[in-house]
Amino acid sequence: MRLQEKVCIITGSGGGMGKVAAEMFAKEGAKVAIFERNEMSGSGTAEAIRQAGGDAAFFQCDVTDEQSVKDAVAKTVETYGKIDVLYNNAGIMIAEDHSVIDTPEHAWDMVMNVNVKGIYFMCKYVIPEMQKHKSGSIINIASFVAFVGCSVPQDAYTASKGAVNSLTKSLAIQFRPEGIRTNAICPGPIETPLLMEWLVKDEEAKKVRLSRQPAGRFGKPEDIVYAAMYLSSDESEWTNGALLNVDGGITSNYF
Ligand SMILES: NC(=O)c1ccc[n+]([C@@H]2O[C@H](COP(=O)([O-])OP(=O)(O)OC[C@H]3O[C@@H](n4cnc5c(N)ncnc54)[C@H](O)[C@@H]3O)[C@@H](O)[C@H]2O)c1
């Protein structure tokens, strides 16, 4: 198994892509620490994994709250003894986030808090644990929107994902000498409830969102998790500081 005995924290793993990641990682032998602010969904993911014979524990955590992150990381180390992988998946996209000229300040702050500050807090408490055993892999989930503009703007979200990519580079250079690699995955549009029920709720909206997608379909959570699995495993020993577009090709498309 590719992740045998690896202790992997996955943030936002109560639902969406994080949940699929937690389940797939457990099947590959990982011990999965479910970090999720929603108690019901987080404990549900952990329970489902255990029922299927895997190893998972739920640690309630709001990534925007420093004390909550500190406590959940400490409990993970208490439970599993070490941390091998930090998979920073938690992220939000909200309706009030539009163009800079009409986005309210509280919406801007909310998006930045989860998408950027959340990664800062997680790294702040997990990296010292990885330094103790001189190895680790950090995976940050950014987005293809960090590379291209969009006529239907979500400016806070776009800026937050650009920040995630820049931070990825900085961590990759700082900590690789201590055996800790950092990479980002930049997914294209993925078929999650969030996207399907909100941004592409009718056929017209779907057509607009797929018009530049050469694959002709939305991505599946599994498409992203396979990339994360590679970055979590020892197979990616030589991959550091990469911003990996896993997007069906949409970011490369001019027409
Ligand atoms: N769905 C897409 O098309 C798409 C495309 C590119 C990038 N992404 C990114 O992928 C990641 C996962 O997206 P998704 O579509 O699965 O989202 P989702 O909304 O389905 O799931 C996100 C999970 O994170 C949790 N969460 C939110 N705020 C949190 C906080 N403060 N602390 C802890 N947990 C929190 C939520 O409760 C939820 O379980 C996000 O970073 C998102 O920006 C998604």
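Everything quoted here is computed from the prediction, not taken from an experiment. All ligand and atom numbering here is 1-based and tracks the order in the structure.
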With side chains defined as the heavy atoms from C-beta onward, is the minimum distance between [X] and [Y] less than 4.5 Å?
{"X": "His98", "Y": "Gln154", "value": "no"}
{"X": "Ile83", "Y": "Met130", "value": "yes"}
{"X": "Glu28", "Y": "Met229", "value": "yes"}
{"X": "Cys186", "Y": "Asn165", "value": "yes"}
{"X": "Pro187", "Y": "Val246", "value": "no"}
{"X": "Val63", "Y": "Arg37", "value": "no"}
{"X": "Tyr87", "Y": "Thr11", "value": "no"}

From CA spacing to verdict: side-chain contact (heavy atoms from CB on, under 4.5 Å), Gln131, Ile127:
CA-CA 6 Å; Gln131 285 173 314; Ile127 289 174; 3.9 Å; yes
What residue and heavy atom of the protein are closest to [atom], and at what distance?
{"atom": "atom 15 (O) of ligand 1", "result": "Thr192 OG1, 3.2 Å"}
{"atom": "atom 9 (C) of ligand 1", "result": "Ile141 CG2, 3.6 Å"}
{"atom": "atom 23 (C) of ligand 1", "result": "Gly12 O, 3.4 Å"}
{"atom": "atom 26 (N) of ligand 1", "result": "Arg37 NE, 4.0 Å"}
{"atom": "atom 39 (O) of ligand 1", "result": "Glu36 OE1, 2.7 Å"}

Would you say Val63 and ligand 1 have an N/O pair spaced under 3.5 Å apart?
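For ligand 1, there is an N or O atom that lies under 3.5 Å from one belonging to Val63.
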Short list, please: which atoms of ligand 1 are under 4.0 Å from a heavy atom of [X]?
{"X": "Ser143", "answer": "6 (C), 7 (C)"}
{"X": "Gly15", "answer": "39 (O)"}
{"X": "Asp62", "answer": "30 (C), 31 (N), 32 (N)"}
{"X": "Gly188", "answer": "5 (C)"}
{"X": "Gly16", "answer": "16 (O), 20 (O)"}
{"X": "Met17", "answer": "4 (C), 8 (N), 10 (O), 12 (C), 13 (O), 16 (O), 44 (C)"}

Mind checking whether [X] has a heavy atom under 4.0 Å from ligand 1?
{"X": "Pro189", "answer": "yes"}
{"X": "Ala142", "answer": "yes"}
{"X": "Tyr157", "answer": "yes"}
{"X": "Asn89", "answer": "yes"}
{"X": "Cys61", "answer": "yes"}
{"X": "Lys19", "answer": "no"}

Can we call the ring centroids of Phe58 and Phe35 under 6.0 Å apart?
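Distance test on ring centres: not under 6.0 Å, no.
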Does a donor on one side chain and an acceptor on the other come within less than 3.5 Å for Gln174 and Ser170?
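Ser170 and Gln174 do have a side-chain donor-acceptor pair below 3.5 Å.
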For atom 17 (O) of ligand 1, which of the options Gly42, Ala90, Gly91 provides the nearest non-hydrogen atom?
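Looking at heavy atoms only, the winner is Gly91.
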So that I can tick it off, tell me whether Arg2 and Glu235 are bridged by a salt bridge, with the cut-off set at under 4.0 angstrom between side-chain N and carboxylate O.
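Yes, charged N to carboxylate O under 4.0 Å.
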